[in-house]
Amino acid sequence: MPELPEVETVRRDLAAAVRGKKIVAVQVNRAQVIRQPDVRRFVKGLAGVTITGVLRRGKLLVLELSNGKALTVHLKMTGQLVYPGDARTSRVSFRFSDGTWLDFNDQRVFGEVRLLDDWHMLPLVRSFGPEPLEMSREQFAGLFAGRSTRIKPLLLDQKVIAGIGNLYAAEILFRCGIDPRRWAGSLSTAEIGRMYTATRAVLAAAIKHGGSSVDDYVRVSGKPGAYVPYHKVYARSGKPCLKCRTTIERISQGGRGTYFCPACQR
DNA sequence: AATGGGACCTGCGCGC
DNA sequence: TGCGCGCAGGTCCCAT
C-alpha cells in the first residue's frame, strides 16, 4: 500500500522518466478514476501540455504542467504508475509525443486522478498536517501534546501528520519501543524524541530501498521496492519478535490492524 | 474532540 | 471443485 516512502519513490522515478515529455493524448479505460464531473474536459485539457515537474505532498503525487495546471494522482491502495506502459490494461493512460505511454493501473479502482487549476486548493491537501521529514523535533512534539487519543491512530491521521500509513506507523512504533495503545498525551518528552528519530529513520530507510512491495505496489519501472525484508512487525502476527522472540500480536485500532511486540513496546 | 461504522473496490485465503 | 465469507486499507461521510 503506497505510503510516503512508496509515493516518494514513484515521484523520483517519475521525474526521471517523464519530466519534459509532452502529452498528446489520453486514453480513459475507466472513467471512474477521473474524479471530476467532466471527463472530456480532463482529456482535452491535457492535450499538448508538457510535464515540467513532479512533486509529492503526503501520499499525493502532483505532476506540474506547462500550462500552470497540475495533474494529481492518489494511488490509494492498489494504484500504480508504470512507464513505459501499453494502455491495454490500465485505468487511464497518457500518450507522449514520442509515442510512449504512461499507465495508471488500479485493481481496486480506489485511486483518484484530477486535472486542477490549483492543486493547493484540493480539500485533501488543505487538510494535510506537516511533512514528517520537514519538521523540527519541537514541531513534532507539538502535534501530540494534550491529545486524548491513542498514539497509533494519531500517526495515521493525515490532518496531524501527512504521509504515514498503517504499515509505517507500526514499524515506527516498534523502532522507538512505544506501545501503539498509549495515549498520545501521556508520552514523555524523551519518548516523543525517540518517536521523532524513529519516524525519520524508518521513512528514510524505506525510501532508500524503494518502498515496500506489499499488495500491488511497484516502482515506475514495474519492479518491486526492496524494503519488505526490513519489516519488523507489520503482518508478522504470530511470529517471533526479531529482537526478543516474544510473539508479535495483532490488535484492531480504528478498524485497522495494528502489529506490535508486547514486550519491546511499552 | 474523539470514536465507530459504512462506503468505495476487488482479489485472495479460508472453511465447509 | 465451488461457494460464501472476511479481510486488506486511504479517504470520505455520517452518527453518536
Side-chain angles (χ1 to χ4, degrees), chain A residues 1-11 29-37 56-62 72-81 89-92 104-114 116 119 121-129 131-132 142-173 180-187 203 206 211-218 224-225 227-228 231 233-239 248-260:
Chain A
M1 52 230 61
E3 304 178 23
L4 188 154
E6 290 74 33
V7 180
E8 176 62 19
T9 298
V10 170
R11 184 194 73 74
N29 296 325
R30 182 75 97 100
Q32 201 178 340
V33 305
I34 314 296
R35 306 287 171 147
Q36 49 199 67
R56 177 192 59 75
R57 179 74 172 97
K59 301 170 193 168
L60 184 74
L61 278 166
V62 180
T72 64
V73 179
H74 200 305
L75 301 173
K76 291 286 182 84
M77 295 296 302
T78 56
Q80 304 174 332
L81 282 165
T89 57
S90 65
R91 301 306 190 188
V92 184
F104 173 71
N105 303 320
D106 188 6
Q107 187 167 86
R108 293 182 206 172
V109 206
F110 274 25
E112 304 188 350
V113 179
R114 291 181 175 86
L116 300 173
W119 66 271
M121 297 300 286
L122 190 67
L124 176 72
V125 172
R126 292 179 65 98
S127 73
F128 277 155
E131 287 286 325
L143 304 177
F144 308 110
R147 296 298 297 260
S148 58
T149 183
R150 299 185 196 268
I151 186 58
K152 197 262 192 169
L154 203 59
L155 280 178
L156 281 184
D157 187 342
Q158 305 300 296
K159 297 174 187 61
V160 173
I161 183 168
I164 299 171
N166 203 41
L167 189 162
Y168 291 104
E171 294 299 320
I172 287 165
L173 289 172
R181 298 165 294 190
R182 288 281 300 280
W183 298 104
S186 80
L187 297 170
L203 296 179
S212 301
S213 281
V214 297
D215 285 349
D216 287 6
Y217 166 73
V218 291
Y227 193 66
V228 171
H231 293 179
V233 288
Y234 183 77
R236 293 196 67 248
S237 49
K239 295 180 178 169
I248 299 297
E249 285 184 20
R250 179 191 181 279
I251 59 172
S252 183
Q253 286 183 303
R256 228 142 257 128
T258 294
Y259 303 89
F260 69 106

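These numbers come from a predicted model, not from an experiment. All chains are named by letter (A, B, ...) in the order of the sequence lines, taking the proteins before the strands, and each is independently numbered beginning at 1.
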* Using a cut-off of 4.0 Å on non-hydrogen atoms, how would the nucleic acid contact of Thr78(A) be classed: base, sugar-phosphate, or nothing? -> nothing

* To do: Looking only at side-chain atoms of Tyr234(A), point me to the closest of dG10(C), dG9(C), dT3(B).
  => dG9(C)

* Run the numbers on Tyr217(A) and Glu3(A) for side-chain hydrogen bond (donor to acceptor under 3.5 Å, both in side chains), then give the verdict. => CA-CA 10 Å; Tyr217(A) 166 73; Glu3(A) 304 178 23; over 6 Å; no

* Structure fact -> Testing dG9(C), dT10(B), dT3(B) for proximity to the side chain of Val109(A), the answer is dT10(B)

* Remember a base hit wins even if backbone is also touched, and classify Leu75(A) as base, sugar-phosphate or nothing at under 4.0 Å, heavy atoms. => nothing

* Between dA2(B), dG9(C), dT11(C), spot the one nearest the side chain of Ser148(A), thanks. => dA2(B)

* Asked: To the nearest 0.5 Å, what is the distance between OG1 (Thr258(A)) and CD1 (Ile151(A))?
  -> 12.0 Å

* To do: Measure from the side chain of Tyr259(A), starting at C-beta and using heavy atoms only, and say which of dA8(C), dT11(C), dA2(B) lies closest.
  => dA8(C)

* What nucleic acid atoms does Arg30(A) come within less than 4.0 Å of, heavy atoms only: base, sugar-phosphate, or nothing? -> sugar-phosphate

* **Test item: Arg35(A) side-chain N/O and Gly111(A) main-chain N/O as donor-acceptor pair under 3.5 Å** => yes

* Structure fact -> pair_partner(dT1(C)), Watson-Crick or wobble, both distances < 3.5 Å, evaluates to none

* Structure fact -> Assert: residue with more 5' nearest nucleotide on DNA chain C, out of Met77(A) and Leu124(A), is Met77(A)

* dT10(B), dT11(C), dC8(B): which one has an atom nearest the side-chain heavy atoms of Gln107(A)? -> dT10(B)

* From the options Phe260(A), Tyr259(A), Tyr227(A), Tyr168(A), select the one residue that forms a ring-ring contact (aromatic ring centres under 6.0 Å, His included) with Tyr234(A). => Tyr259(A)

* Do the side chain of Arg56(A) and the main chain of Gly58(A) share a donor and acceptor less than 3.5 angstrom apart? -> yes

* Asked: Under 4.0 angstrom, heavy atoms only, what part of the nucleic acid is Gly257(A) near: base, sugar-phosphate, or nothing?
  -> sugar-phosphate

* Would you indicate which nucleotide in dA2(B), dT11(C), dG9(C) comes nearest to any side-chain atom of Arg108(A)? => dG9(C)

* Give one of base, sugar-phosphate or nothing for Phe128(A), where a contact means two heavy atoms less than 4.0 Å apart. => nothing

* **Base of dA8(C) paired with side chain of Arg256(A) (donor-acceptor, under 3.5 Å)** => no

* Asked: Which nucleotide sits closest to the side chain of Gln158(A): dT11(C), dA8(C), dA2(B)?
  -> dT11(C)

